[in-house]
Amino acid sequence: MIDYIYKHYESVASTNDIAKNLINEYCPEGTIIFADEQTDGRGRSGRVWESKKGETISTSLVLYPTLSDEAISCITLVAALSVRLAIKRFAGLECKIKWPNDITISGKKICGILTERIFIDGKSAVILGIGVNVKNETFSEELEDIATSVWIEVVREKEEMSKVLKGDNDESYNDDVIKKLMEKDNTELLYYIWDAFNEYYDIFVKTGNMAGLSDEYNECLINVGRVVKTDDVMGEIKGVALGINDDGELIISTGKGKQSVRCGEVSVRGLYNVL
Ligand code: ATP
Ligand code: BTN
């Protein structure tokens, strides 16, 4: 079990950058940064991550894992399982994972994960950054077709329920979650996320691979059975995704047989983006 130390900030450029600074000051493993707002949040390959004040969870965890490079690349997958479970426990929503680092629901992205690695005094440090859209009612024009939030989804479920069930509808459906979202800050869901991460990380470090988690991961994986295309600079792979193996690699069935791609190497297209 990791012992967590929570550090709260009102506004930061990026919680991953704060984590980097704290690592340079030798902060302990388990240091968690969370901020009400990020002014320069980022995704993979320097892409912009929108995190508006009070609406989103922006958080990063510092780890000093003594694992192989292959195992370290699985931490993103462990985090994805954790966010999915936390959202289910908090709001009852059934999210899916888009390999390797997005959590989706209704075909839209509700969470992104950015895992970065730095070396200090020869020791490897991992910064696990998680961004979750919690209270957002709307998104910027560029994101409105691809992003969603816990709020949008619980309200949508409630409306759908009342449309389908009409007179038999439970009028109070999802009201408890809606009330929590209206009245409270985002810390309850934040704690759910990091508690779930501790549960999964314990299972993961026992084997140093996804052996104990791959079945559950594959059950939530939205890519399974869908055509995916990698952005790999070393050569594009296009085929049908079959799921992950115990090393966390995505197995793709292609015209040349099965091929595997490792997290950290590639992006896969085929959900919100055209192939
Ligand atoms: P990949 O498959 O490589 O992960 P991606 O399109 O998911 O590709 P990322 O770098 O993972 O790209 O995520 C950053 C992208 O997420 C941005 O380019 C933007 O399209 C989208 N994005 C930015 N902010 C948000 C947000 N708050 N909610 C949902 N999506 C967002
Ligand atoms: C992605 O989808 O590419 C990943 C987005 C990751 C966003 C989180 S928010 C907390 C941490 N700080 C950042 O600047 N990025 C990550």
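Residue numbers run from 1 in the order of the sequence given. When a ligand or atom number is given, it counts from 1 through the structure's own listing order.
Within the structure, the closest approach of Arg42 to ligand 1 does not fall below 4.0 Å when heavy atoms are considered.
Classification of Arg89 and Glu199 as a salt-bridged pair holds, one side-chain N sitting under 4.0 Å from a carboxylate O. A salt bridge links Glu116 with Arg42: at least one charged nitrogen is closer than 4.0 Å to a carboxylate oxygen. A salt bridge links Arg156 with Glu153: at least one charged nitrogen is closer than 4.0 Å to a carboxylate oxygen.
Polar contact check, Arg42 against ligand 2: a nitrogen or oxygen pair lies under 3.5 Å apart. Close N/O approach between Trp49 and ligand 1 is not found [any backbone or side-chain N/O within under 3.5 Å]. Among the atoms of Lys109, some N or O lies under 3.5 angstrom from an N or O of ligand 2.
Within ligand 2, counting atoms from 1 as listed, the ones closer than 4.0 Å to a heavy atom of Gly43 are 1 (C), 3 (O), 4 (C), 5 (C). Near Thr59, meaning under 4.0 Å from any of its heavy atoms, are these atoms of ligand 2: 10 (C). Residue Ser14 has at least one heavy-atom neighbour below 4.0 Å for each of these atoms of ligand 2: 12 (N), 13 (C), 14 (O). For ligand 1, the atoms closer than 4.0 angstrom to any heavy atom of Ile146 are 20 (O). For ligand 1, the atoms sitting less than 4.0 Å from at least one non-hydrogen atom of Lys98 are 2 (O), numbered in the order shown with element in parentheses. For ligand 2, the atoms lying closer than 4.0 Å to a non-hydrogen atom of Arg44 are 3 (O). Ligand 2 places these atoms under 4.0 Å from at least one heavy atom of Asp102: 2 (O). Of all atoms in ligand 2, listed by their number and element, those nearer than 4.0 Å to a heavy atom of Gly41 are 14 (O). Within ligand 1, the atoms closer than 4.0 Å to a non-hydrogen atom of Gly43 are 10 (O), numbered from 1 in the order shown. If you number the atoms of ligand 1 from 1 as listed, the ones under 4.0 Å from a heavy atom of Val48 come out as 17 (C), 23 (C), 24 (N). Within the listing of ligand 1, atoms 28 (N), 29 (C) sit less than 4.0 angstrom from a heavy atom of Ala147.
Of the possible polar contacts, none joining the Thr31 side chain to the Val62 backbone as a donor-acceptor pair under 3.5 Å is found. Checking side-chain atoms of Ser60 against main-chain N and O of Asn16 turns up a donor-acceptor pair under 3.5 Å.
The part of Asn133 lying near ligand 1 is the side chain, judged by heavy-atom distances below 4.0 Å. When heavy-atom distances to ligand 2 are checked against a 4.0 Å cut-off, Arg47 has no atom that comes that close, whether in backbone or side chain. Only the side chain of Asn101 comes within contact range of ligand 1, with a heavy atom under 4.0 Å; no backbone atom does. Under 4.0 Å from ligand 1, heavy atoms of Lys109 appear from its side chain as well as its backbone. Contacts between Asp17 and ligand 2 below 4.0 angstrom, taking non-hydrogen atoms only, are absent altogether. Neither the backbone nor the side chain of Lys108 comes within contact range of ligand 1; no heavy atom lies under 4.0 Å. Neither the backbone nor the side chain of Leu114 has a heavy atom within less than 4.0 Å of ligand 1. By the criterion of a heavy-atom distance under 4.0 Å, the side chain of Asp102, and not its backbone, is placed next to ligand 1.
You'll find the side chain of Leu63 reaches within 4.5 Å of the side chain of Ile2, heavy atoms only. Residues Asn133 and Thr148 have side chains not in contact (no heavy-atom distance under 4.5 Å, counting atoms from C-beta outward). You'll find the side chain of Val228 stays beyond 4.5 Å of the side chain of Trp99, heavy atoms only. Between Phe197 and Ile75 there is a side-chain heavy-atom pair separated by less than 4.5 Å.
Among the candidates Asp247, Asp246, Asn209, the single residue satisfying the side-chain hydrogen bond (donor to acceptor under 3.5 Å, both in side chains) test with Ser214 is Asp246.
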>> The test is side-chain contact (heavy atoms from CB on, under 4.5 Å); show your working for Lys88 and Glu94 and say whether it passes.
In response: CA-CA 6 Å; Lys88 186 172 165 58; Glu94 290 285 349; 2.4 Å; yes
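In this structure, atom 5 (C) of ligand 2 lies nearest to the protein heavy atom Trp49 CE3, 3.5 Å. In terms of protein heavy-atom proximity, atom 10 (C) of ligand 2 is closest to Thr15 OG1, 3.2 Å. The single protein non-hydrogen atom nearest to atom 12 (N) of ligand 2 is Gln38 OE1, 2.9 Å, given as residue, atom name and distance.
Looking only at atom types and distance, the side chain of Thr59 has a donor-acceptor partner in the side chain of Trp194 under 3.5 Å away. For the residue pair Glu144 and Thr138, no side-chain donor N or O sits within less than 3.5 Å of a side-chain acceptor on the partner. Looking only at atom types and distance, the side chain of Ser149 has no donor-acceptor partner in the side chain of Glu55 under 3.5 Å away. Using a 3.5 Å distance cut-off with no hydrogens or angles, the side chains of Ser58 and Thr15 do not pair a donor with an acceptor.
Between Arg44, Gln38, Glu50, it is Glu50 that holds the heavy atom closest to atom 24 (N) of ligand 1. In this comparison of Gly131, Ser58, Ala13, the heavy atom closest to atom 8 (C) of ligand 2 sits on Gly131. Here atom 1 (C) of ligand 2 lies nearest to Asn101 when heavy atoms of Ile127, Asn101, Leu114 are compared.
More than 12 heavy atoms of other residues, nucleotides or ligands lie within 6.0 Å of NZ in Lys135, so this atom counts as buried by the packing criterion. For Asn21, the CG atom sits in a packed shell: over 12 heavy atoms of surrounding residues, nucleotides or ligands are nearer than 6.0 Å.
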